[in-house]
Student: 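Please read through the structure below; I'll follow up with questions.
Convention: sequence-line order gives letters A, B, ...; per-chain numbering from 1.
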Amino acid sequence: MIISWIKNIKQVYTAILSRKARSFLTVLGIVIGVAGVIIILSLGAGAQSLVLSQITKLGTNLIGVLPGKSNETGPPAQAFGIQVTTLIQEDVVAMQDKTRFPHITDIAGFVTGPATIIWRNQNIDTNFVGTQAAYPKIQDVEVAEGRFFDEREELGSNVIVLGFDIKQELFGETDAIGEVVKIKNVPLQVVGVMARQGTVAFQNQDDQVFMPLNIGQQQLLGIKYIQFIRGKVDSSDNVDSTIYEVETILRERHHISDPENDDFSVRDLASAVDTLSAITDSLKLFLVVMAGISLVVGGIGIMNIMLVTVAERTREIGLRKAVGATNKQIRNQFLIESGALTLSGGVIGVLIGVVISYLAAIGARLAGFDWDFVVTPLSIILAIGVSILTGVVFGLYPAFKAAKLNPIEALRYE
Amino acid sequence: MSLIEIKNLTKDYVNEDVVTPVLKGIDFKIEAGEFVAIMGPSGSGKSTLMHILGFLDRPSSGKYLFQGKDTTEFDDQMLAEIRNESIGFVFQAFNLLARTSVLENVKLPLVYSKRENHDAMATKALEGVGLGHRLNFFTNQISGGEKQRVAIARALVNEPKVIFADEPTGNLDSKSGNTVMKILQDLNDQGKTIILVTHEMDTAEHAKRLIRIKDGQIILDEKIKQRKLAKDQGELIK
Ligand SMILES: Nc1ncnc2c1ncn2[C@@H]1O[C@H](COP(=O)(O)OP(=O)(O)O)[C@@H](O)[C@H]1O
Ligand SMILES: [Mg+2]
């Protein structure tokens with residue numbers, strides 16, 4: 001039994017190799033399909049691990065309040081360009097009440113926007129963050145030089161803290177503390193420089209500047225509302241109860257009786273992770289469908305070429321039967337041949353896919369992302385298994401056709 | 001017990017309700033070691049008969065005893081096994097595998113057998129037909145006469161009881177044809193049963209017994225009195 005299979009496989013590869021060009025073209029569909037799946041799975045896994053590691057770097061006991069209602073996992077209204085103005089600084093003040101919110105350790109309101117920062121004759125386009133004194137604790141970041149602005153200054157002092165890159169670009173090695181820069185003609189005194197952080201959640205954290213919320217709100221943006229609130233909870237066990245309390249007080253303050261009519265939404269990072277997983281899951285489903293389509297198309301190509309092969313080799317089949325091959329042996333020969341074809345296609349596809357994913361990972365690292373090269377053994381085994389299966393499934397009809405050939409007609413076939 | 005015994009054997013071809021009777025009741029016995037020529041004009045049913053005798057096809061009616069066993073009820077698997085172990089075919093058109101070496105061609109029947117030492121057996125069979133020096137040639141690199149000798153080696157490699165040769169010299173010049181007939185006669189001298197199908201009297205006379213058929217019936221079955229012996233060309237023979 002085993003020996004006859006080995007013999008079969010030997011014959012099969014002789015048959016495949018004697019038609020190299022055609023065999024290669026035949027499996028091209030499988031090669032491309034498999035390589036595509038490997039690449040996309042690898043890039044997907046790389047991106048997912050990158051984003052997840054950055055999110056968890058922020059900590060899982062953060063909560064955020066966004067203006068506008070949104071469902072649990074979908075994007076907030078702002079993502080569609082709608083500016084909701086219902087959230088105000090008094091909402092933050094209400095949450096600073098320690099008796100009502102014993103688990104919130106730090107909380108801050110935020111506004112952000114683009115800014116051109118000027119010092120002497122230099123100017124740089126950057127982004128500003130108007131926030132409160134609690135910012136470094138919430139975001140778990142440190143100040144390298146000087147200090148962050150304090151609770152007294154946050155009420156409206158003209159002070160600014162520079163991101164690491166901004167400081168380097170404007171001042172180089174000279175000391176920035178005490179210097180006065182201007183944004184939209186508003187003079188701001190530099191009180192601190194943030195420590196270097198790198199890229200988090202696809203944003204360069206060192207390319208921004210920080211100032212008191214009121215300055216950003218009133219002097220730079222000219223608005224009365226705030227864009228979002230972030231707070232830190234003492235332990236991730238208390239996140240859910242705190243979210244509940246926050247929702248309750250915001251409904252009280254905004255006079256909302258039916259949660260359906262909420263003009264805000266409260267999130268924690270766990271739900272952000274859920275959102276991300278939901279997105280990657282639907283991406284994966286899409287991939288499975290794409291892979292399925294490409295394998296079916298590849299499989300039909302295989303079936304087609306196997307039918308041609310069977311027709312071309314009718315006399316050979318007749319001869320094999322004449323010298324003692326059983327129908328089963330003929331059938332197996334063509335099934336193995338078809339499976340071996342697609343197996344070769346799958347192996348080539350995996351190799352190409354792995355190489356391209358690896359190059360992409362190197363590229364992403366060169367671009368400064370903390371990118372992992374991920375190709376799971378499971379995806380390789382699956383890709384190769386599915387390629388063999390495609391060959392066998394689409395080889396069935398041609399193989400049965402070959403096995404059923406009448407030896408005499410096959411021998412007489414011209 | 002005869003090697004082959006057929007009784008009132010018939011074969012009809014049925015194509016779209018049109019029944020063409022090709023063999024119309026054939027009876028004979030062939031003993032082990034015989035050299036029989038089945039001769040008749042083209043279309044008389046010789047090949048059809050040979051295919052049935054060689055288990056490539058089944059009769060429409062009648063009995064076929066092979067080594068004393070009634071084969072009518074044998075299934076495809078058993079017939080494949082008999083073809084592999086007990087029968088060797090030589091066809092007019094050689095039927096060698098293209099893009100394949102001489103040696104691999106001769107090994108083909110062994111692929112479907114339980115035997116081992118394929119290379120040694122195939123080499124021995126090829127030496128037997130004087131082609132020991134052509135083992136690794138491809139089939140498109142040898143002459144027609146050599147091709148037919150490769151086909152004979154392939155028929156012999158499993159050491160079958162009987163060799164069926166259907167117009168084996170039909171595609172050959174007379175010198176190569178003579179060589180093929182010489183090999184068949186030598187094999188018969190060594191004890192192999194040979195059944196030769198031909199439409200030429202000249203070729204048929206190399207056998208020891210002649211069965212003439214016409215329109216699917218035997219019209220003559222007799223011993224050949226003046227048997228032709230193929231000339232020894234001194235190049236073969238073990
Ligand atoms: N598959 C078939 N269907 C119908 N008729 C056939 C078929 N095969 C052979 N025949 C007919 O059977 C007759 C005998 O053919 P064959 O045995 O090949 O004769 P021979 O070998 O003596 O020339 C011929 O008339 C041929 O046309
Ligand atoms: Mg014929």
Student: Would you please classify the geometry between the Phe66(B) ring and the Tyr64(B) ring as parallel, tilted or perpendicular, with 30° and 60° separating the classes?
Tutor: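 Ring orientation of Tyr64(B) relative to Phe66(B): perpendicular.
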Student: Pick one of side chain, backbone, both or neither for Phe55(B), based on which atoms fall under 4.5 Å of a heavy atom in chain A.
Tutor: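 No part of Phe55(B) comes within 4.5 Å of chain A.
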Student: Please determine, among Pro407(A), Gly318(A), Ala325(A), the option with the most heavy-atom pairs under 4.5 Å with chain B.
Tutor: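 Highest number of pairs under 4.5 Å: Ala325(A).
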Student: Indicate yes or no for a side-chain donor-acceptor contact from Asn84(B) to the backbone of Pro109(B) under 3.5 Å, with no hydrogens or angles considered.
Tutor: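 Present.
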Student: Please examine the side chains of Ile38(A) and Ser379(A), heavy atoms only from C-beta on, and report whether any two atoms are closer than 4.5 Å.
Tutor: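 A side-chain contact exists here, since the closest heavy-atom pair is under 4.5 Å.
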Student: Ala98(B) versus chain A, heavy atoms under 4.5 Å apart: side chain, backbone, both or neither?
Tutor: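 Interface part for Ala98(B): neither.
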Student: Answer whether the closest heavy-atom distance between the side chains of Leu53(B) and Phe28(B) falls below 4.5 Å.
Tutor: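 Yes, their side chains come closer than 4.5 Å.
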Student: Where on Asn95(B) is there a heavy atom nearer than 4.5 Å to chain A: the side chain, the backbone, both, or neither?
Tutor: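 Answer is both: backbone and side chain atoms of Asn95(B) are under 4.5 Å from chain A.
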Student: Return yes if a side-chain donor-acceptor contact under 3.5 Å exists between Thr10(B) and Ser61(B), otherwise no.
Tutor: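 Ser61(B) and Thr10(B) do have a side-chain donor-acceptor pair below 3.5 Å.
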Student: Pick whichever of Glu81(B), Arg154(B), Glu104(B) has the most heavy-atom pairs under 4.5 Å with chain A.
Tutor: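 If we count pairs closer than 4.5 Å to chain A, Arg154(B) comes out on top.
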